[in-house]
Structures are given as C-alpha cells and as structure tokens.
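Here's the structure we're looking at; comments come further down.
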Amino acid sequence: MWPCLLLALALLGTVPASHPAPRQLQGVPAGETSQMRYTFVKKLRTYAHAQSYCQDTYRGQLASVHSSARNQELKKLARTYNTFLSPWIGAVTSCREGKWESHWEDSSPWNYANWAPTQPLHIATTCTTLSIRDGLWRSRFCLQLRPFICQY
C-alpha cells in the first residue's frame with residue numbers, strides 16, 4: 001500500500017500547475033468583505049498541501065465559511081467542477097488541553113457551523129470537507145487526497 005501511495009504522491013507533484021480563474025461570489029454575507037475571492041482547485045492534495053497551495057498560489061488559505069449563504073455558494077461553486085470528492089475547507093477539529101474543539105485555520109471567529117449529524121468526529125485530529133451533495137461538513141483524516149477551495 002505505501003509504495004502505491006508514494007507513487008501517487010510523486011505523480012501528483014509532477015502535474016503541471018494550472019491556476020483556475022478566480023470567481024467572485026455574489027451576495028456578501030454579514031461579516032465578510034466584498035473583496036473575498038474563492039477558487040475551487042481540482043488537484044488532489046492532503047489538507048496540509050492544500051493549505052500550502054492556497055498560500056503559495058493565491059496568498060490566501062483554505063476557505064473559512066461564516067454563513068449559510070456562503071456555504072451554499074461554495075457548494076454551488078464546487079458542483080460546477082463535476083467532481084465526486086468533497087473538497088477541503090479550512091476547519092480542523094482537535095483535542096486541546098483535554099477538550100475537543102473545532103477551529104478555523106485562519107484564526108477567524110467561529111460564528112457558523114454546518115456539521116452533518118454525528119460530526120465532527122472526536123477520535124483524532126481531523127480536517128473538514130464541504131459535501132457537494134448536501135452542503136454539510138464532515139470530518140476526514142487530513143492525509144486523504146481531495147480537491148479544495150482557496151479563499152483570498
């Protein structure tokens with residue numbers, strides 16, 4: 001299994017970089033600026049590599065979702081790319097000082113959540129995906145390869 005994973009990671013690193021055109025979402029929910037841009041990236045990356053890609057390519061980070069309207073817009077954006085895998089967004093659930101908590105990677109206030117029933121998982125540090133099917137968030141192991149949404 002490990003040789004296959006290493007081969008897959010090596011091959012992913014050799015794919016030429018293409019930078020999708022940024023898309024400004026319509027309707028700005030309260031607490032977000034009109035300057036916020038989002039890009040869906042089809043490249044399959046682990047959570048950490050997706051975060052690095054957003055920083056290196058767009059000087060941004062994985063998307064933080066602060067409203068139901070923004071959640072629906074990002075779900076709609078992801079659906080336009082005909083992918084079956086739910087993309088990473090910028091939330092992590094981890095145990096801090098013996099207590100489980102979810103937090104945004106960009107340190108923005110946590111004022112909205114859209115977890116699926118029984119989520120987030122409290123078994124290990126997990127990263128968050130946005131379901132393109134129902135818009136709900138789910139915990140996934142951070143080493144999975146997935147597309148992702150950058151904000152900048």
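Excluded from the calculations below are hydrogen atoms, water molecules and symmetry mates; all remaining heavy atoms, backbone and side chain alike, are included.
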Show the numbers, then the answer: is there a side-chain hydrogen bond (donor to acceptor under 3.5 Å, both in side chains) between Arg70 and Tyr112? CA-CA 10 Å; Arg70 179 66 70 220; Tyr112 172 78; over 6 Å; no
Starting from the C-alpha separation in whole Å, work towards a yes-or-no answer on side-chain contact (heavy atoms from CB on, under 4.5 Å) for Ile149 and Leu130. CA-CA 9 Å; Ile149 301 173; Leu130 169 68; 4.2 Å; yes
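Counting only residues at least two apart or on different chains, the disulfide bond (SG atoms under 2.5 Å apart) pairs with a member in residues 110-149 are Cys127-Cys142. For residues 51-91, the disulfide bond (SG atoms under 2.5 Å apart) pairs, not counting sequence neighbours, are Cys54-Cys150.
In terms of modelled atom types and a separation under 3.5 Å, the side chain of Asn114 and the main chain of Asn71 share no donor-acceptor contact. Without hydrogens or angle criteria, Trp88 side chain to Arg45 main chain gives a donor-acceptor distance under 3.5 Å. Of the possible donor and acceptor atoms, none in the side chain of Arg146 sits under 3.5 Å from a partner among the backbone N and O of Tyr47. Judged by distance alone, the side chain of Ser139 and the main-chain N or O of Pro120 form no donor-acceptor pair under 3.5 Å.
Under a hydrophobic clustering in which Ile, Leu, Val, Met, Phe, Trp and Tyr are joined whenever their side-chain heavy atoms come within less than 4.5 Å, directly or via other members, Leu85 and Ile132 fall into different clusters. Linking Ile, Leu, Val, Met, Phe, Trp and Tyr residues whenever their side-chain heavy atoms come within less than 4.5 Å leaves Trp100 and Trp115 in two separate clusters.
Counting only heavy atoms from C-beta outward, the side chains of Trp137 and Ser131 never approach each other to under 4.5 Å. Looking only at side-chain heavy atoms (C-beta outward), Glu101 and Thr93 stay at 4.5 Å or farther from each other. Under the 4.5 Å side-chain criterion, counting only non-hydrogen atoms from C-beta, Phe148 is not in contact with Thr129. Proximity of Met36 to Tyr38: side-chain heavy atoms (C-beta onward) are separated by under 4.5 Å at one or more points. Ser64 has its side chain out of reach of Trp110: every pair of non-hydrogen atoms, C-beta onward, lies at least 4.5 Å apart. Side chains of Leu74 and Val65 form a contact here, defined as non-hydrogen atoms less than 4.5 Å apart. Annotation: side chain of Lys43 is not in contact with side chain of His49 (no heavy-atom distance under 4.5 Å). Residues Arg133 and Ser86 are not in side-chain contact: their nearest non-hydrogen atoms beyond the backbone lie 4.5 Å or more apart.
In this view, Phe141 satisfies the ring pair (Phe, Tyr, Trp, His ring centres under 6.0 Å) rule with no residue, not counting sequence neighbours.
Across all their heavy atoms, Thr80 and Leu77 have their closest contact at OG1-O, 2.6 Å. Contact between Pro109 and His66 at its shortest, heavy atoms only, is O-CE1, 3.0 Å.
A donor atom on one side chain and an acceptor atom on the other are not found under 3.5 Å apart for Thr57 and Tyr152.
Remark: Thr46 OG1 to Arg140 CZ distance equals 16.0 Å, nearest 0.5 Å. With values rounded to the nearest 0.5 angstrom, Gln151 atom CD is found 13.0 Å from Arg37 atom CZ. With rounding to the nearest 0.5 Å, the separation of CD in Glu73 from NZ in Lys76 is 5.5 Å. Between Gln119 atom CD and Leu121 atom CG the span is 4.5 Å, to the nearest 0.5 Å. Residue Ser102 holds its OG atom at 5.5 Å from NE2 of His122, rounded to the nearest 0.5 Å. Distance CH2/Trp104 to CD1/Ile89: 5.0 Å, rounded to 0.5 Å.
Partner of Glu105 under the side-chain contact (heavy atoms from CB on, under 4.5 Å) criterion, out of Thr128, Val92, Leu62: Val92 alone.
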